[in-house]
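To start, I am sharing the structure in question, which I have written as structure tokens.
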Protein chains: 2
Amino acid sequence: MAKLSGQITVTAVGKIKAKHWRAAQDEYLKRLSRYTTINLVEVKDAVGRGQPDAAAMAREGEALLKASTNARRRIALTPTGKLLDSRAFARFVQKEVEEYGRIAFLIGGPLGFSPDVLDQCPVQISLSPLTFTHELARVILLEQLYRAATIVAGEKYHK
Amino acid sequence: MAKLSGQITVTAVGKIKAKHWRAAQDEYLKRLSRYTTINLVEVKDAVGRGQPDAAAMAREGEALLKASTNARRRIALTPTGKLLDSRAFARFVQKEVEEYGRIAFLIGGPLGFSPDVLDQCPVQISLSPLTFTHELARVILLEQLYRAATIVAGEKYHK
């Protein structure tokens, strides 16, 4: 059976505080760890803490890039990114890890990404045209990565 | 401030078992109840319990229709439905409750909807081309309904 034999880092702005969201996140991290090397890195949110928006966004961007330096390929989640269905997403992730080994998904803060971050992300993916909270976006991404791992492994996947 | 002054029913196949998903769902139900009359009706899942798929799907469909008889308009969530961004979704929900008063969103089981159900749903909406678990689909819908309520109320909404 095929495996996602690379290393996937999810780099996100902000901490998940609510216990139930953290539980959902941890469940998918645990499940994913049976299929691939998965890391989650939370960087400090800066927007909305008194700094001008552009400066705060640049600061979050630097932190996201630093947290993903180990990756040979960065993929940004943006509202205008490419929309894929779950099977196409699974093929995409498989192709990326096969080609680059270590990849990182970047989830921005409420204002999105600074131009510096987007310059470093050759691919942009969208989870939906809908806007989600950062908790929901993160959990959806992890659930889709888990689903992708089961699809690549040829397992009957969970609906 | 504008309000979603109708009645919204979310009718879904299956029970959410995991505590963290139930907590996420209940949080949005509680928040939504400050803006509109919201009901959640869970109908029994039948698919995967030994019956032929078509028969099980028909049975789930009957239960969904029965659970939403009070609504003057039914909206099905389907993978091929219309994709909206959050602001367009808010306008859509506002228009529907203004026109029909009582509306219902239907979330199907793993095989989707029987033709009988789709016949009763003049509109189909998609949350994303991605396939979600039923827990995730339900929580995303509730979060978007809450977001819609805050958009309609003209409040600064939560990212």
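Chain letters run A, B, ... following the sequence lines, proteins first, then strands; residues in each count from 1. Since the model is a prediction, treat every value here as computed from it, not as a measurement.
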Sub-3.5 Å donor-acceptor pair from the side chain of B/T131 to the main-chain atoms of A/S86, do we have one?
-> no
Should A/L118 and A/L106 be counted in the same cluster of Ile, Leu, Val, Met, Phe, Trp and Tyr side chains packed under 4.5 Å apart?
-> yes
If Ile, Leu, Val, Met, Phe, Trp and Tyr residues are connected whenever their side-chain heavy atoms lie under 4.5 Å apart, and connections chain through other members, are B/V47 and B/V43 in the same group?
-> no
Are any of the side-chain heavy atoms of A/E143 and B/F132 separated by less than 4.5 Å?
-> yes
Does one hydrophobic cluster hold both B/I125 and B/F113, with members joined at side-chain heavy-atom distances below 4.5 Å?
-> no
Determine, using the 4.5 Å side-chain heavy-atom cutoff (strictly less than), whether A/L142 and A/V41 are members of one ILVMFWY cluster.
-> no
Is there a side-chain contact between A/H20 and B/K19 (heavy atoms, below 4.5 Å)?
-> no
Do B/V13 and B/L77 belong to the same hydrophobic cluster, where Ile, Leu, Val, Met, Phe, Trp and Tyr are linked whenever their side-chain heavy atoms lie under 4.5 Å apart, directly or via other members?
-> no
Are side-chain heavy atoms of B/W21 and A/V139 found at a separation under 4.5 Å?
-> yes
Within the distance-only criterion (no hydrogens, no angle test), does the side chain of A/S128 pair as donor or acceptor with the backbone N or O of B/L127 below 3.5 angstrom?
-> yes
Spatial distance of atom CD1 (A/I140) from atom CD1 (B/I140) [nearest 0.5 Å] = 3.5 Å
If you count the non-hydrogen atoms of other residues, nucleotides and ligands that lie under 6.0 Å from CZ in B/R59, is the total more than 12?
-> no
Can you find a pair of side-chain heavy atoms, one from A/L130 and one from B/L83, that are under 4.5 Å apart?
-> no
